[in-house]
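For reference, the structure is listed below as structure tokens.
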Amino acid sequence: MVVVAPGENEVDLPRGKYRIKPRVATVEGTRYIGAASPGQVQIQNRDVSKTITYSESLGIQNLGIVALSPTSVELAWDAVVGQGVVVRRVVGTDPALIPQEGT
């Protein structure tokens, strides 16, 4: 895996085939999802340029803790009116990735 540091826009890679998987970015509370099309690149004997486009996530934004006690947490977030939200509790630090995980 090759990770390009924030603010960097160039990386030297050996020949080969690479899959491009942009990281999620959060800027001032707004979550952005990156996409590269196509999602892979073949590097041979020349420079290759690739553009990653970021767009605002359709999910919740500005998630934050309003109140915290030893037995409860109160959360607040922004979402599109009518958008369904599922909150799942898990033990430990690994988040629930699908609604069926957690309690």
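In this text the structure is predicted, and so the values were computed from the model without any measurement.
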> Who passes side chain to side chain contact (heavy atoms under 4.5 Å, CB included) against Arg23, sequence neighbours left out?
Replying inline: Val3
> For Glu56 and Gln61, which heavy atoms make the closest approach, and how far apart are they?
Replying inline: CG-NE2, 3.7 Å
>> For the CZ atom of Arg19 and the CD atom of Gln40, what is their distance to the nearest 0.5 Å?
In response: 9.5 Å
>> Please determine whether residues Val27 and Val24 belong to a single hydrophobic cluster, defined as Ile, Leu, Val, Met, Phe, Trp and Tyr linked transitively by side-chain heavy-atom distances below 4.5 Å.
In response: no
> Under a single-linkage rule joining Ile, Leu, Val, Met, Phe, Trp and Tyr whose side-chain heavy atoms are separated by less than 4.5 Å, which residues share a cluster with Val87?
Replying inline: Ile60, Leu63, Ile65, Leu68, Val73, Leu75, Trp77, Val85
> Hey, does the side chain of Lys50 reach the backbone of Pro38 with a donor-acceptor pair shorter than 3.5 angstrom?
Replying inline: yes
> In chain order, what residues pass the side chain to side chain contact (heavy atoms under 4.5 Å, CB included) check against Val48, with sequence neighbours excluded?
Replying inline: Val41, Ile43, Arg46
>> Let me check something: do Ile33 and Ile52 share a hydrophobic cluster, defined by ILVMFWY side-chain heavy atoms less than 4.5 Å apart, either directly or through other members?
In response: no
> For Pro22 and Ala36, which heavy atoms make the closest approach, and how far apart are they?
Replying inline: CG-N, 4.3 Å
